[in-house]
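Reading through the structure tokens given below for one structure.
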Number of protein chains: 2
Amino acid sequence: MSKTTLNKISEILGISKSTASKALNNYADVSPKTKAMVLNLAKELDYTPNSFAQNLRSQESKIIGLIVPEIVHYFFSNIILGVINAASKCGYAVVVVQSNDDYEYEVKQLDALLQKNVDGVLLSFADNTNNFKHVKSLLSNNVPLVLYDKISKLIDCNKVVIDDIKAAQMATQHLIDIGCKKIAIVRNKLKSQTTIDRYKGYKKALLLNDIEYDKLLDIETEDVSLESGKKAALTIFENHKEVDAVFAVTDLLAIGVLETFKENNVQVPEQISIIGFSNWLLTQITTPHLSTIDQPGQQMGKVAFDLLYSEIINNKNNVKEPYKTVVIDTKVISRESTK
Amino acid sequence: MSKTTLNKISEILGISKSTASKALNNYADVSPKTKAMVLNLAKELDYTPNSFAQNLRSQESKIIGLIVPEIVHYFFSNIILGVINAASKCGYAVVVVQSNDDYEYEVKQLDALLQKNVDGVLLSFADNTNNFKHVKSLLSNNVPLVLYDKISKLIDCNKVVIDDIKAAQMATQHLIDIGCKKIAIVRNKLKSQTTIDRYKGYKKALLLNDIEYDKLLDIETEDVSLESGKKAALTIFENHKEVDAVFAVTDLLAIGVLETFKENNVQVPEQISIIGFSNWLLTQITTPHLSTIDQPGQQMGKVAFDLLYSEIINNKNNVKEPYKTVVIDTKVISRESTK
DNA sequence: TTTATTACCGAAACCGGTTTCGTAAATTAT
DNA sequence: ATAATTTACGAAACCGGTTTCGGTAATAAA
């Protein structure tokens with residue numbers, strides 16, 4: 001049994017394809033009788049319009065592309081969920097791809113999305129992306145784009161971010177508020193905007209509290225892995241016994257730091273306080289529970305989709321709205337690792 | 001500047017659309033000169049075929065649907081990654097949706113996928129799915145389907161699973177091997193196949209080692225959350241001091257159990273050993289590190305896609321292969337929580 | 001009764017490719 | 001030289017909807 005098409009329906013009823021289509025789409029110029037006839041038969045034959053044909057006609061796929069640096073990642077999982085839920089409510093499906101935090105891959109995956117004719121793209125840059133040809137060509141091709149989380153100020157489009165400077169400043173201030181004086185920062189050396197901003201926030205907090213920035217307490221790591229956190233902690237443990245607090249720019253780094261201190265019998269938080277960044281599920285499970293910055297992924301995903309959606313709608317209606325940058329609120333989650 | 005189409009190319013070159021199409025698709029009946037001409041112009045105008053038209057013609061979308069019970073979940077994140085990587089290599093995009101571990105939602109999301117005309121579906125059932133009308137209608141509509149992880153034996157299709165019985169048996173045997181005698185099981189009461197099988201494996205191991213199954217040590221929880229694990233541990237702690245080991249059917253449950261024991265000054269593993277299930281990243285971060293069963297999500301995702309892909313290809317060529325059930329190997333990861 | 005409206009329907013164009021089939025020209029075989 | 005192939009190309013159908021536009025018949029207004 002082949003799929004039922006409009007042609008089949010119109011043939012059976014002895015009417016034209018046009019009328020059948022109109023009946024299904026609530027056009028005014030269809031008599032009640034005819035409409036009922038069509039609707040009944042459509043239901044009986046379990047008719048669903050062929051979306052390929054609809055897509056070709058409307059030139060839209062009702063699918064959007066979502067590029068995340070890493071899929072197996074608590075924060076980005078929440079992004080994905082937020083996007084998918086919001087999209088689903090508007091009848092959009094989401095194709096998810098991963099850039100592997102690599103520029104080349106990001107370009108490739110973006111191309112793949114465009115070949116599928118997605119109606120818009122949500123993108124968080126790879127750590128090593130500092131060339132923006134690919135997104136600029138997107139924009140010149142009039143494909144709606146929303147950048148989220150790891151963005152670039154050089155691109156003129158809708159964005160949704162957290163205020164990394166402010167959040168990092170709050171994290172550092174929290175450490176200062178509980179009495180810490182020698183605060184180390186552990187950050188990855190790749191210069192993504194988020195890393196840079198968290199670094200700025202750290203320095204800003206020091207400055208505002210008349211604490212001198214000490215280059216030796218500024219530990220750069222290869223990446224943001226658990227292992228890198230451990231290495232960083234070892235550096236601190238071996239060379240800087242005076243340190244009484246660590247701000248790590250990601251939770252995983254923070255956990256690596258925490259683990260290593262524990263292994264070396266450094267009491268957390270009695271001897272040293274630790275705060276991370278993102279509020280991964282992980283942080284509620286460490287011993288002691290890790291203080292961190294809440295970075296609401298689901299909400300960011302939802303907002304990102306909403307921005308994209310309104311841009312898609314505006315495009316259809318040929319209206320041009322100025323681009324927005326939505327800043328999502330973060331807050332300090334104070335747990336046992338900072339006291 | 002509008003998008004370049006085949007029509008535009010053929011008009012510019014003064015040839016027919018057919019010939020232009022053939023040139024681009026390596027047909028034999030195009031002269032070398034004409035072919036070069038078309039290819040050059042296509043490159044110059046940055047021509048990419050309109051996939052809507054291709055889809056309509058070929059009646060395939062080169063998109064597959066992936067339904068996961070929960071997106072923010074270490075195991076399923078790995079599934080998603082495995083699927084996406086494998087799919088991408090074959091030119092397929094993946095639309096990801098979440099069933100929320102709820103049957104109604106699962107049906108709804110499946111419908112949404114079908115409306116997008118996906119070429120196939122990968123599905124892991126919600127915990128409360130025990131009605132299979134939706135997937136049966138899929139199969140009768142000849143839409144390729146592969147079930148993974150949470151499957152049903154009642155459905156005749158390709159599947160990829162781990163041997164939950166064997167894995168749970170291995171976990172329990174591991175506890176026995178290290179000398180435990182009173183082994184409790186913590187499992188969610190919803191009767192998904194995986195839960196049932198892990199329960200079976202637990203009992204099988206007891207049986208093979210002449211340990212009597214004790215209904216009182218069989219703790220049923222509402223769900224598989226951290227909280228449920230904590231509640232279960234409290235039950236054990238308050239009523240069954242004799243228990244010297246706990247097998248929890250998920251890592252999160254196990255971590256809840258672990259946390260609660262620690263809070264009540266029960267030494268792990270000295271007084272009680274704990275083993276979980278799945279090998280989440282979390283398990284490497286708890287104190288003590290949690291023993292568990294490795295459940296290789298990425299590999300399962302890859303295998304699931306490969307099965308789906310070959311079914312899609314077979315369908316196109318009108319060949320019918322018998323359905324397979326691929327069983328992925330698991331192994332015990334012995335860490336500090338079992339000694 | 002004549003004219004103006006309204007209600008209802010269908011032919012056909014359109015979206016942009018792919019593929020079949022017929023045919024004229026060029027080449028080879030006889 | 002003619003006949004048989006081969007080469008190269010294009011017209012047109014096709015995929016399955018949506019939408020415009022024109023026209024007839026029924027109704028309302030003059």
Side-chain angles (χ1 to χ4, degrees), chain A residues 1-39 41-42 45-63 91 114-119 141 316, chain B residues 1-39 41-42 45-63 91 114-119 141-142 316-317:
Chain A
M1 180 204 72
S2 66
K3 245 204 133 201
T4 57
T5 68
L6 262 195
N7 269 314
K8 205 168 297 177
I9 289 185
S10 57
E11 270 177 32
I12 294 177
L13 297 178
I15 62 177
S16 78
K17 202 167 63 160
S18 337
T19 304
S21 172
K22 289 176 186 172
L24 291 164
N25 290 296
N26 260 319
Y27 272 61
D29 60 344
V30 181
S31 76
K33 279 163 289 175
T34 313
K35 184 192 274 191
M37 213 167 62
V38 173
L39 258 50
L41 187 59
L45 298 185
D46 200 24
Y47 168 77
T48 50
N50 182 310
S51 66
F52 297 140
Q54 289 180 317
N55 291 343
L56 176 58
R57 177 67 212 218
S58 65
Q59 292 296 325
E60 50 179 25
S61 58
K62 291 278 191 176
I63 291 178
L114 292 184
Q115 269 180 24
K116 301 287 177 201
N117 264 308
V118 293
D119 291 344
N141 278 24
K316 251 201 287 197
Chain B
M1 180 204 72
S2 66
K3 245 204 133 201
T4 57
T5 68
L6 263 195
N7 269 314
K8 205 168 296 175
I9 289 185
S10 57
E11 270 176 34
I12 294 177
L13 296 177
I15 62 177
S16 79
K17 202 168 62 160
S18 337
T19 305
S21 171
K22 290 176 186 172
L24 292 163
N25 290 297
N26 260 319
Y27 272 61
D29 60 344
V30 181
S31 75
K33 280 161 291 178
T34 312
K35 185 192 270 189
M37 214 168 62
V38 173
L39 259 51
L41 186 60
L45 298 184
D46 200 26
Y47 168 77
T48 50
N50 182 310
S51 65
F52 297 140
Q54 289 181 317
N55 291 342
L56 176 58
R57 178 66 212 219
S58 65
Q59 292 295 327
E60 50 179 27
S61 58
K62 291 278 191 176
I63 291 178
L114 293 184
Q115 269 180 23
K116 301 287 177 202
N117 264 307
V118 294
D119 292 344
N141 278 24
N142 233 30
K316 250 201 286 195
N317 302 334

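Chain identifiers are assigned alphabetically (A, B, ...) following the order of the sequence lines, protein sequences preceding nucleic acid strands; residue numbering begins at 1 within each chain. Given the structure is predicted, the values throughout are model-derived calculations rather than measurements. The figures that follow rest on heavy atoms only: side chains count, while hydrogens, waters and symmetry mates do not.
- Among the nucleotides D:dG17, C:dT20, C:dC15, the one closest to any side-chain atom of A:Gln59 is C:dC15.
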Criterion side chain to side chain contact (heavy atoms under 4.5 Å, CB included) on A:Tyr47 and A:Leu24, from CA distance to verdict: CA-CA 10 Å; A:Tyr47 168 77; A:Leu24 291 164; 3.5 Å; yes
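- At the phosphate of C:dG16, neither OP1 nor OP2 sits under 4.0 Å from any side-chain N or O atom of B:Gln54.
- As judged by a 4.0 angstrom heavy-atom cut-off over every strand, A:Asn55 is placed among residues making no nucleic acid contact.
- Residue-level contact check: A:Ser58 touches neither bases nor backbone, having no heavy atom under 4.0 Å from any strand.
- In this entry the distance linking NZ of A:Lys33 with C1' of C:dC9 reads 12 Å, nearest Å.
- When the P atom of D:dT20 is taken as reference, atom OH of A:Tyr27 falls 6 Å away, rounded to whole Å.
- Note: NZ (A:Lys22) to C1' (C:dA12) measures 12 Å, nearest angstrom.
- Comparing B:Lys35 and A:Thr4 against DNA chain D, the residue whose closest nucleotide sits nearer the 5' end is B:Lys35.
- With D:dC9, C:dG17, D:dG17 as the choices, the nucleotide that has an atom nearest any side-chain atom of A:Asn50 turns out to be D:dG17.
- With respect to A:Glu60 and A:Lys316, a salt bridge is recorded, a charged nitrogen being found less than 4.0 Å from a carboxylate O.
- Between the P atom of D:dT20 and the CG atom of A:Asn25 lies a distance of 12 Å, rounded to the nearest Å.
- Put simply, CG on B:Leu24 is 16 Å from P on C:dG16, counting in whole angstrom units.
- When the P atom of C:dC9 is taken as reference, atom CG of A:Leu6 falls 15 Å away, rounded to whole Å.
- Taking the side chain of B:Ser31 as heavy atoms from C-beta on, and the options D:dA8, C:dG16, D:dG10, the nearest nucleotide is D:dA8.
- Scanning all heavy atoms of the two residues, the minimum distance from B:Val30 to B:Lys35 falls at CG1-N, 3.8 Å.
- Listed nucleotides: D:dG17, D:dC9, C:dC15. Nearest to the side chain of B:Asp29: D:dC9.
- At a cut-off of 3.5 Å, with distance as the only test, a side-chain donor of A:Ser31 or A:Thr34 sits close to an acceptor on the other residue.
- Nearest to the side-chain atoms of B:Pro32 among the listed nucleotides C:dG17, D:dA11, D:dA8 stands D:dA8.
- When the P atom of D:dT18 is taken as reference, atom NZ of A:Lys62 falls 13 Å away, rounded to whole Å.
- Considering only side-chain N and O atoms, B:Tyr47 lies under 4.0 angstrom from the phosphate OP1 or OP2 of C:dG17.
- Nucleic acid contact class of B:Thr19 (heavy atoms, under 4.0 Å, all strands): base.
- For the pair A:Lys116 and B:Gly91, the tightest heavy-atom approach, listed with the atom from each and the gap, is NZ-O, 2.9 Å.
- Side-chain proximity of A:Ala53 to C:dC9, D:dG17, C:dG16: nearest is D:dG17.
- Atom C1' of nucleotide D:dC15 and atom CZ of A:Arg57 are separated by 15 Å, given to the nearest angstrom.
- Judged by atom type and distance alone, A:Lys17 reaches the base of D:dG17 through a side-chain donor-acceptor pair under 3.5 Å.
- Side chain to side chain, A:Ser61 and A:Asp119 meet the donor-acceptor criterion of an N or O pair below 3.5 Å.
- For the side chain to side chain donor-acceptor pair (under 3.5 Å) with B:Lys3, the lone residue among B:Asp46, B:Asn50, B:Thr48 that qualifies is B:Thr48.
- Side-chain atoms of A:Ser18 lie closest to D:dT19 of the nucleotides C:dT18, D:dT18, D:dT19.
- Comparing D:dG16, C:dC14, D:dG10 by their closest approach to the side chain of A:Leu56 singles out D:dG16.
- Here A:Thr34 lies in heavy-atom contact (under 4.0 Å) with sugar-phosphate atoms only.
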Trace of the side chain to side chain contact (heavy atoms under 4.5 Å, CB included) decision for A:Ile15 with A:Met37: CA-CA 10 Å; A:Ile15 62 177; A:Met37 213 167 62; 4.2 Å; yes
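- Taking every side-chain heavy atom of A:Ser21 into account, D:dT18 is the closest of D:dC9, D:dT18, C:dT19.
- Comparing the end axes of the helix from C:dT1-D:dA30 to C:dA29-D:dT2, each fitted to five base pairs by superposing C1' atoms of four pairs onto the next four, gives an inter-axis angle of 50° (nearest 10 degrees).
- The two atoms that bring B:Ala20 and B:Leu6 nearest to each other are CB-CD2, 3.9 Å, heavy atoms only.
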